[in-house]
Protein chains: 2
Amino acid sequence: MTGSEPAAAPAPLPAAPGPRRRHPEDTKERLLDAAERLFAERGFEGASLRAVTHAAGTSVSAAHYHFGSKEALLVATIRRRAEPVVRARAARLDEIERRAGAGPLPLEEVLDAFLRPIFEERARPERSDDFRRIAARLFSDPPRVVASLKREVFGSTAERFLDALARALPEKPRMLIALDLQFLVGVMVHVTSGHLRDVPAPRGWPRLEGLSDDAVLGRMIEFVAAGLRAPRRSLR
Amino acid sequence: MTGSEPAAAPAPLPAAPGPRRRHPEDTKERLLDAAERLFAERGFEGASLRAVTHAAGTSVSAAHYHFGSKEALLVATIRRRAEPVVRARAARLDEIERRAGAGPLPLEEVLDAFLRPIFEERARPERSDDFRRIAARLFSDPPRVVASLKREVFGSTAERFLDALARALPEKPRMLIALDLQFLVGVMVHVTSGHLRDVPAPRGWPRLEGLSDDAVLGRMIEFVAAGLRAPRRSLR
DNA sequence: GTCTATAGTTGGATAGAC
DNA sequence: GTCTATCCAACTATAGAC
C-alpha cells in the first residue's frame with residue numbers, strides 16, 4: 001500500500017513544492033516519523049531503508065547524512081519516544097515520594113506513575129498509531145543495539161520502581177516483587193503495543209476498541225494492584 | 001560468514017557421513033528445528049533462509065523442496081509448536097468442565113489449563129531455548145501470514161477460555177472479562193518469551209533465573225486470578 | 001543538505017545434474 | 001530427495017555533482 005505510484009507524473013500543482021519538500025530542516029523529523037511507523041509495522045529488518053526514506057519523501061543518502069546508518073536511525077527513533085517517558089515517570093515518582101515523606105508509598109499511585117506516561121506518549125494525536133508497536137519491539141526484537149539500548153534507557157527506571165514497589169508493599173519479599181514486576185511489564189507491553197485493537201473478538205463478545213485509554217489504564221492499575229497484593233502460596 | 005570454505009578438501013573422516021547427512025528423511029525436522037531457533041533469535045526477516053539451511057546442515061533448495069517458500073517454513077514452524085498447546089488446553093478444559101457439571105468453574109483451574117501447556121511445551125529438554133520467543137513473535141511480528149495464522153490456531157481457544165472465564169466469574173461483565181483476558185495474555189507472552197532470563201537485575205535485587213517453571217507458573221496464576229477477581233471501580 | 005548514480009553484498013527462488 | 005550453479009531483485013552504503 002505504502003510506496004505505490006513509483007514514477008507518478010508531477011503533481012498538478014503550479015510550482016515545485018509538491019507534497020514533499022517542505023522546510024528542509026525538518027527532514028530529520030520526517031525520517032524519524034517514517035522510521036517509527038515502518039519499523040513498528042514491519043520490524044527493523046522487514047522495513048528497508050528505501051521504504052523509510054521514500055515514505056519520508058527523501059532519499060537514502062539523506063538518511064545516511066543525518067544518521068549514519070540504518071541501525072543508528074533505529075536507535076534515534078526509539079530514543080526519541082523513550083526519553084520523554086522515562087522523564088515523566090521519574091517526575092511523577094519524585095512527586096509521590098515527596099508527598100509520602102518517610103511513610104509507605106500508595107501502590108496505585110506508583111503504578112499510575114509507571115503506566116500513565118506511556119499512554120500519554122502514545123495518545124498524541126498524530127502518533128497514536130506510529131507509537132503502537134515500537135515499545136513492544138523493544139522487548140521482542142533481536143538487534144543487539146536494542147538490548148543495550150533497553151538497559152541504558154530503562155535500567156534506572158526499573159531500579160527506581162522496584163524500590164518504590166518495595167516501599168508500597170513493605171511486607172512483601174523482594175523476589176516476589178521482582179517477579180510480579182515482570183508480570184506488570186508484560187501487561188504494559190501487550191496493551192501499549194496495540195493488540196487490543198486486533199483481538200479476534202468472538203461472536204457475542206464485546207469489542208475492546210471502543211474503550212478509552214483512561215478506562216484501559218484504570219482497569220490495568222486495578223488488575224495489577226490486585227495481583228501485586230495477592231498473598232503468595234507458592235514460590236518456595 | 002555463511003558459505004565460506006568454497007572448495008574445502010574432503011573431510012578427514014573415513015566414510016562420507018560427516019556431521020551432516022544422517023537419515024535423509026528427517027531433513028524436514030532439522031529444518032524446522034533450525035528455523036525455530038533462528039526465527040526466534042533474529043526474527044523472520046532477520047534470519048536468512050541460507051542461515052537456516054546452513055544451521056540445519058542442508059541446502060536452500062532442500063528447504064524449497066520441502067516447504068516451498070521461506071514464509072511457508074515459518075508457518076510450519078509455528079504450527080508445529082502451537083498445535084500441541086491448543087490440544088492440551090482443550091483437553092484440560094474439557095476435564096474441568098466435565099467435573100464441574102452445571103456449576104461454576106474453579107478460576108485457578110481454568111487459568112492452569114490455559115497456562116500450563118505452554119510451560120510444558122517450552123520445558124522439553126531440547127526445546128527450552130528454541131521455543132523461547134516463538135510464541136511471543138506470534139504477537140509482535142508483522143508478517144501477514146502470522147496474523148491469519150494466529151486467528152486460525154488460537155481463535156477457538158480464545159473463545160472457549162472467554163466462556164470458561166465467564167463461567168468462573170459469573171457476576172463479572174463480559175467487557176471486563178475480555179479486557180482482563182488481554183492482560184493475562186500479556187503476562188503469558190512476556191513470561192514465556194523468556195524475558196525473565198535477561199532482566200537487568202538491579203544491585204541488591206534477587207535474580208529471577210533460578211526460579212523453577214512451577215514456581216513462576218504458580219505465582220502467575222495467583223497474580224492473574226487476583227487481578228481477574230479485582231472489583232472494578234473504573235471502566236464506565 | 002539533498003540529489004543521482006553506482007558500488008558491492010546478500011536475499012529468495014529456480015534449473016538441472018545425480 | 002539432495003546437491004551445485006545461477007538468476008535477478010533488493011539491500012545498505014558511498015561518491016560526487018549541485
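Heavy-atom basis, side chains included; hydrogens, waters and symmetry copies ignored. Proteins get letters first, then strands, A, B, ... in listed order; numbering begins at 1 in each.
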Reported OH-to-CG distance for the pair B:Tyr65 and B:Leu31, which is rounded to 0.5 angstrom: 12.5 Å
Gap between atoms NE2 and C1', on A:His64 and C:dC3 respectively (whole Å): 15 Å
Rounded interatomic separation in angstrom, taking CD from A:Glu29 and P from C:dT2: 13 Å
Donor-acceptor under 3.5 Å (A:Lys70 side chain, A:Phe44 main chain): yes
Distance in angstrom units between B:Leu74 CG and C:dA13 C1', rounded: 17 Å
Minimum-distance nucleotide to B:Ala62 side chain [options: D:dC3, C:dA13, C:dC3]: D:dC3
side-chain N/O A:His66 vs C:dT2 OP1/OP2, d < 4.0 Å: yes
From D:dT2, D:dA13, C:dG12, nucleotide with atom closest to B:Arg50 side chain: C:dG12
Nearest-angstrom distance from the residue atom NZ of B:Lys70 to P of C:dG12: 4 Å
Protein-nucleotide distance (A:Phe44, atom CZ; D:dC11, atom P), rounded to Å: 13 Å
Among B:Arg30, B:Arg81, B:Arg79, the one residue meeting salt bridge (Lys or Arg N to Asp or Glu O under 4.0 Å) with B:Glu36: B:Arg81
Any donor-acceptor pair under 3.5 Å from B:Arg89 side chain to B:Phe114 backbone: yes
Nucleotide D:dC11, atom C1' - distance to NE2 of A:His54 in whole Å: 16 Å
Short side-chain N/O contact from A:Ser61 to OP1 or OP2 of D:dT14, under 4.0 Å: no
Any B:Thr27 side-chain nitrogen or oxygen under 4.0 Å from OP1 or OP2 of D:dT2: yes
Rounded distance (Å) that lies between atom P of D:dG1 and atom CZ of B:Phe67: 13 Å
Euclidean distance, B:Ile118 CD1 relative to B:Asp213 CG, rounded to 0.5 Å: 12.0 Å
Any A:Tyr65 side-chain N or O less than 4.0 Å from OP1/OP2 of C:dT2: no
Phosphate contact (C:dT2 OP1 or OP2) by A:Thr58 side-chain N/O below 4.0 Å: no
Separation of atom CG in B:Leu49 from atom C1' in C:dG12, rounded to whole Å: 7 Å
Check: B:Ser59 side chain, D:dC3 base, donor-acceptor under 3.5 Å: no
